[in-house]
2 protein chains.
Amino acid sequence: MKKEDFKYQEDHLKLARFAKALSHPARLHILNFLSCCDRCYTGNIVDELPIAQSSVSQHLKELKEAGLIQGTIETPKVYYCIDKENWKLAKELFKEFF
Amino acid sequence: MKKEDFKYQEDHLKLARFAKALSHPARLHILNFLSCCDRCYTGNIVDELPIAQSSVSQHLKELKEAGLIQGTIETPKVYYCIDKENWKLAKELFKEFF
DNA sequence: AATAATTATCGTACATTTGCGATGAACGAT
DNA sequence: ATCGTTCATCGCAAATGTACGATAATTATT
């Protein structure tokens with residue numbers, strides 16, 4: 001097979017994206033926190049972590065883009081929670097991989 | 001709790017390292033390949049991937065440093081295989097996390 | 001000794017990630 | 001209208017990741 005034609009498996013691409021989202025302890029902490037507290041806003045998460053608010057916001061953005069969390073505006077706060085559908089998908093992909 | 005004193009959980013640090021190792025499709029492909037073929041050398045892996053030999057070597061190094069694979073020199077080749085102990089640990093950490 | 005085979009490492013280029021402070025946007029309360 | 005609260009985004013700096021070609025290291029073969 002020619003190198004040019006090679007395509008990574010779709011499952012591997014998806015799994016790599018999830019793994020990347022999980023590859024920082026702050027993001028693991030956020031997910032862990034959200035899975036306990038069910039529903040909480042940015043401020044609570046900032047208080048949970050040793051980094052600046054802007055940095056937390058960036059991590060939240062990445063988790064959201066990876067599909068692992070959802071944000072809901074309730075002005076002036078934003079509530080976050082686990083995206084259960086993608087969470088399940090990620091869980092299954094990891095399980096299948098190992 | 002003061003920000004200075006915050007420490008990430010040991011499990012999260014370990015899991016983040018494993019996740020980082022899994023965060024690239026080439027490395028997932030390598031691990032998948034190794035789990036099938038049990039034991040094979042660098043050349044086989046290079047043939048499996050669309051990237052240069054030096055790049056593959058770099059990915060192998062990262063997987064080795066993450067503890068997920070082991071290399072055995074059988075000059076002039078190097079055989080690689082899954083590090084079963086850490087593989088199991090990673091599997092359990094992911095399972096526990098989800 | 002010279003060559004070939006196999007793999008790791010080096011140097012380089014470019015992109016991405018991580019973190020911070022400052023600023024902006026939205027809105028409720030005064 | 002102004003202020004305070006809450007959160008996201010911007011701009012920057014430093015570090016890390018990804019890929020490549022070239023080169024080095026090791027050793028078996030000629």
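Here is the naming used below: chain letters follow the sequence lines, and residue numbers restart at 1 for every chain.
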OP1 or OP2 of C:dA8 less than 4.0 angstrom from a side-chain nitrogen or oxygen of B:Tyr41, does that happen here? no

Residue B:Glu62, side-chain atoms from C-beta onward, closest of D:dA19, C:dC20, D:dT18: D:dT18

Please identify which of these residues, A:Glu62, A:Glu65, A:Glu48, meets the salt bridge (charged side-chain N to carboxylate O under 4.0 Å, His left out) condition with A:Arg27. A:Glu62

Look at A:Ser55 and C:dG19 and indicate whether a side-chain polar atom (N or O) is within less than 4.0 Å of OP1 or OP2. no

Polar side-chain atom of A:Asn86 near backbone of A:Gly67 as donor-acceptor pair, under 3.5 Å: yes

Using a 4.0 Å heavy-atom cut-off across all strands, classify A:Thr42 as base, sugar-phosphate, or nothing. sugar-phosphate

Here's a test for you: under side-chain contact (heavy atoms from CB on, under 4.5 Å), which of A:Phe97, A:Phe94, A:Phe98 qualifies with B:Lys91? A:Phe98

Any donor-acceptor N/O pair, B:Ser57 side chain to B:Ser54 backbone, under 3.5 Å: no

Residue whose closest nucleotide on DNA chain C lies nearer the 5' end, A:Lys20 versus A:Ser54: A:Lys20

Does OP1 or OP2 of C:dT17 have a side-chain N or O of A:His59 closer than 4.0 Å? no

Check if the side chain of B:Gln53 and the base of C:dA8 share a donor-acceptor pair of N or O atoms closer than 3.5 Å. yes

Is the phosphate of D:dA8, meaning OP1 or OP2, less than 4.0 Å from a side-chain N or O of A:Tyr80? yes

